[in-house]
Amino acid sequence: MTVLYEDNHIIAVNKTCNEIVQGDKTGDTPLSELVKAYIKEKYNKPGEVFLGVTHRLDRPTSGVVLFARTSKALTRLNEMFRDKSLADDAQPSCIVHCPSSITKTYWAVVQNAPQQQEGRLENYLVKNEAQNKSYIVKRGAKDAKRAVLTYRTIAKGDRYTLLEVMLETGRHHQIRCQLAGIGCPIKGDLKYGAKRSNPDGGICLHARKIEFIHPVSKAPIAITAPVPDDHLWQSLAQQVE
């Protein structure tokens, strides 16, 4: 576990593709418990350690995850993520009037280069609960939710392309589904059309950066997660840096 940032109220760590943020039916030890153990040992805390989960990443996704160390921070971060969710559901004309104080940037390694170097994707998605998968549908379809992201090409290899993705909304498997929809499935993502799995079982989607206003100090915070220690990731990232 790699700690990216910590203070008295919040802590951010770099999740690997094999870790889960919270416990599930697998019974695997979640990242939240690993962070609790780290805090307990480092600060020699007696009794139960408080830690609030503010958001989640899919298990096969890597990158920055933010936790709250105090109830005050948890309440305010929950409000910030809730405000973003409300903005997600707003009409296009309203979005400019309901800006989110939390911004997340993702990097995705995709199989095919998009036709345009950069662009904005707007679709309507429906989640199939039984398959744990989202599908692009027509506007007005039952249970459809508007999904918007922007992307730009930031590096190219012989067979793969690195995209930087900014979310305007936060839907189930949004990046995975929308990029597959333009013929650019994420490397390793068999569920959305990748040709083969990755050796580690993850997908090449990385939560690269999270920017927000500190819930207590009100200072602007930007936390960046290094890419996985993998030859492809490293070679593409070097082009950016």
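The first residue in the sequence is number 1, and the count goes up from there.
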I'd like to know whether NZ of K209 has more than 12 heavy-atom contacts from other residues, nucleotides or ligands below 6.0 angstrom. no
To check you understand the geometry: which heavy-atom pair defines the closest contact between V49 and K36, and what is its length? O-CE, 3.6 Å
Considering residues, nucleotides and ligands other than Q22, do more than 12 of their heavy atoms fall under 6.0 Å from its CD? yes
Residue pair F50 / I39, side-chain heavy-atom distance below 4.5 Å: no
May I ask you to test the M1-V35 pair for a side-chain heavy-atom distance under 4.5 Å? yes
Quick one, E129 and K127 - any side-chain contact, counting heavy atoms below 4.5 Å? yes
Quick one: closest heavy-atom pair of L190 and R196, and the distance? CD2-C, 3.5 Å
More than 12 heavy atoms of other residues, nucleotides or ligands under 6.0 Å from CD of Q116: yes or no? no
What are the two closest non-hydrogen atoms of V126 and V137, and how far apart are they? CG2-CG2, 3.6 Å
One should read off an interatomic distance between H173 NE2 and I186 CD1, to the nearest 0.5 angstrom, of 10.0 Å
Kindly check if the number of other-residue, nucleotide or ligand heavy atoms within 6.0 Å of CG (D229) is above 12? no
Is there a side-chain contact between L66 and F212 in this structure, where contact means two heavy atoms from C-beta onward sitting under 4.5 Å apart? yes
Quick one: does L149's side chain get under 4.5 Å of Y106's, heavy atoms only? no
What is the minimum heavy-atom distance between I11 and R69, and which atoms define it? CG2-CG, 3.9 Å
W233 to H206 - nearest heavy-atom pair and separation: CH2-CB, 3.7 Å
Using a 4.5 Å cut-off on heavy atoms from C-beta on, say whether the side chain of R59 contacts that of D28. yes
Determine whether a donor-acceptor pair (N or O, by modelled atom type, separation under 3.5 Å) exists between the side chain of K187 and the backbone of N198. no
Short question: side chain of N14, backbone of T2 - any donor-acceptor pair under 3.5 Å? no
Other residues, nucleotides, ligands: >12 heavy atoms within 6.0 Å of K218 NZ: yes
Whether Q117 side chain and R152 backbone form a donor-acceptor pair below 3.5 Å: no
Report yes if the side chains of H172 and N132 come closer than 4.5 Å at any heavy-atom pair, otherwise no. yes
Check the surroundings of atom CD in E41: do more than 12 heavy atoms from other residues, nucleotides or ligands lie under 6.0 Å from it? no
With side chain to side chain contact (heavy atoms under 4.5 Å, CB included) as the test, would you mind laying out the steps for L77 and I10 before giving the verdict? CA-CA 10 Å; L77 285 170; I10 60 176; 3.9 Å; yes
C177 and I136 have their tightest heavy-atom pair at SG-CG1, 3.7 Å
How about L179 and Y192: do any of their side-chain heavy atoms sit closer than 4.5 Å? no
So, taking the atom named OG in S32 and the one named CD in E19, what distance separates them when rounded to the nearest 0.5 Å? 10.5 Å
